[in-house]
Amino acid sequence: MRDAATFWDGIAERYAASKVSDPETYELTLRRTAERLRPLDRALEIGCGTGTTALRLAPSVASLTATDLSGEMIRIAEGRAAEAGAQNVRLLRAGLSDAALEGEPYDAVLAFNLLHLLEDLPAAARRVRALLKPGGLFISKSAAVPSPQPLSFRLIRLVVPVMQALGKAPAVVFRPVAEVQAVIEAAGFSLLAAEDHGAPGRGRFIVAKAV
């Protein structure tokens, strides 16, 4: 946890200044997510980064708690939330296991570009299930290994270790799409939707219902 937080603290300013690489796909993910949210929902976003997505989705719910390991990411997100006048967004520096997330169960837990960064995905999925009401939704979009693997994805798998060695990329776990979905189901979910947003392997969008 400490190493991951240090990495993201170090790149927070650059991350905040960067543009969305695929705006069309990003907007698609936002639309698909908003379609699943309800005006009275209490939502939690884990790994919120600098808060861009949380602020975009906040109007779709009653309240949204957005968390991240990185204090610098949260600092930037707080500034953005204040500027936007987002009254229903609470920002919190916390990991998924943090006791601060406990209390009244959530209606929805959101995780974007995060699952491939988690070393123990089964434990994370079980934790998400514990934070949700029965019937609550776990909505995620993260990288996962497609089958078959296109050349572009194989190149990514070659480049990432080099970037990690240079301190330019975080730890990444390359899991097959089928494995990611099976892990989520095994944690107590039924899959409602699973689709690729963007190039295969770059953004597997999954909606799962807590059973």
Side-chain angles (χ1 to χ4, degrees), residues 8 11 15-16 18-38 41 43-61 64 66-68 73 77 80 89 96 106-118 121 124-125 128-129 132 136-160 163 169-187 189-210:
W8 293 110
I11 69 164
Y15 185 88
S18 64
K19 295 182 179 180
V20 175
S21 60
D22 187 347
E24 183 176 344
T25 295
Y26 179 62
E27 294 297 327
L28 171 63
T29 300
L30 288 174
R31 288 197 305 273
R32 290 284 194 271
T33 302
E35 289 168 1
R36 299 283 182 169
L37 299 174
R38 300 167 298 181
D41 280 350
L44 167 68
E45 183 185 1
I46 53 176
C48 71
T50 54
T52 300
T53 299
L55 294 174
R56 289 289 303 274
L57 292 173
S60 299
V61 297
L64 197 160
T67 71
D68 201 277
M73 291 284 190
R80 290 179 169 180
V89 176
L96 183 54
Y106 295 94
D107 299 288
V109 174
L110 317 175
F112 303 109
N113 302 311
L114 178 68
L115 302 189
H116 58 281
L117 303 177
L118 302 178
L121 183 57
V128 169
R129 175 62 188 88
L132 279 167
L137 298 182
F138 179 28
I139 304 175
S140 65
K141 187 189 81 170
S142 290
V145 181
S147 181
Q149 293 184 45
L151 177 59
S152 59
F153 194 84
R154 295 199 298 271
L155 290 174
I156 289 172
R157 296 192 68 169
L158 292 174
V159 170
V160 166
M163 295 181 65
V172 176
V173 182
F174 291 102
R175 299 182 179 92
V177 167
E179 179 183 337
V180 174
Q181 295 176 182
V183 166
I184 292 173
E185 288 182 294
F189 292 93
S190 62
L191 295 188
L192 301 181
E195 56 196 49
D196 285 324
H197 287 186
R202 299 292 296 274
R204 188 65 169 177
F205 179 78
I206 298 172
V207 180
K209 181 178 180 179

Under 4.0 Å between a side-chain nitrogen and a carboxylate oxygen: does that hold for E195 and R204? no
Distance-only donor-acceptor hits, side chain of residues 170-178, under 3.5 Å, sequence neighbours excluded:
| unit_1 | atom_1 | unit_2 | atom_2 | d |
| --- | --- | --- | --- | --- |
| R175 | NH1 | L115 | O | 3.2 |
| R175 | NH1 | L118 | O | 3.3 |
| R175 | NH2 | L118 | O | 2.6 |
| R175 | NH2 | E119 | O | 3.0 |

Contacts of type ring-ring contact (aromatic ring centres under 6.0 Å, His included), residue [X], not counting sequence neighbours:
X	value
F112	none
H116	none
F138	F189
F205	H197

If I take atom [atom1] from residue [X] and atom [atom2] from residue [Y], how far apart are they, to the nearest 0.5 angstrom?
X	Y	atom1	atom2	answer
L57	R36	CG	CZ	14.0 Å
K209	R129	NZ	CZ	11.0 Å
L121	L117	CG	CG	11.0 Å
I156	Q149	CD1	CD	10.0 Å
C48	L55	SG	CG	9.0 Å
I184	S140	CD1	OG	4.5 Å

Evaluation steps, side chain to side chain contact (heavy atoms under 4.5 Å, CB included), between V145 and E179: CA-CA 9 Å; V145 181; E179 179 183 337; over 6 Å; no
What verdict does the side chain to side chain contact (heavy atoms under 4.5 Å, CB included) test give for L64 and L44, after you've listed the backbone C-alpha separation in whole Å, the side-chain angles of each residue and the deciding distance to 0.1 Å? CA-CA 6 Å; L64 197 160; L44 167 68; over 6 Å; no
Looking at every non-hydrogen atom in both residues, tell me the closest pair between [X] and [Y] and how far apart they are.
X	Y	result
A111	L114	CB-CD2, 4.0 Å
G49	A77	O-CB, 4.1 Å
L37	A108	CD2-CB, 3.8 Å
F153	G201	CE1-O, 3.5 Å
A58	V89	CB-CG2, 3.5 Å

Please test R56 against E27 for salt bridge (charged side-chain N to carboxylate O under 4.0 Å, His left out), starting from the C-alpha separation and ending with a verdict. CA-CA 10 Å; R56 289 289 303 274; E27 294 297 327; 2.9 Å; yes
Quick one: are K141 and D196 in side-chain contact, heavy atoms under 4.5 Å? no
Is there a side-chain contact between I139 and V109 (heavy atoms, below 4.5 Å)?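 The answer is no; the side chains never approach within 4.5 Å.
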Step by step, would you call V128 with I46 a side chain to side chain contact (heavy atoms under 4.5 Å, CB included)? CA-CA 10 Å; V128 169; I46 53 176; 4.3 Å; yes
Around atom CD of E35, are there more than 12 heavy atoms from other residues, nucleotides or ligands closer than 6.0 Å?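 Above 12, so yes.
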Please check if atom CZ in R157 has more than 12 non-hydrogen atoms from other residues, nucleotides or ligands closer than 6.0 Å. yes
Donor-acceptor under 3.5 Å (D41 side chain, D107 main chain): no
Would you say S60's side chain and A34's backbone share a donor-acceptor pair under 3.5 angstrom? no
Just to verify, what does T53 make a side-chain hydrogen bond (donor to acceptor under 3.5 Å, both in side chains) with, not counting sequence neighbours? Y26
Let's go through L191 and Q181 carefully: what are the C-alpha distance in whole Å and the side-chain angles of both, what is the deciding distance for side chain to side chain contact (heavy atoms under 4.5 Å, CB included) to 0.1 Å, and is it a yes or a no? CA-CA 8 Å; L191 295 188; Q181 295 176 182; 3.8 Å; yes
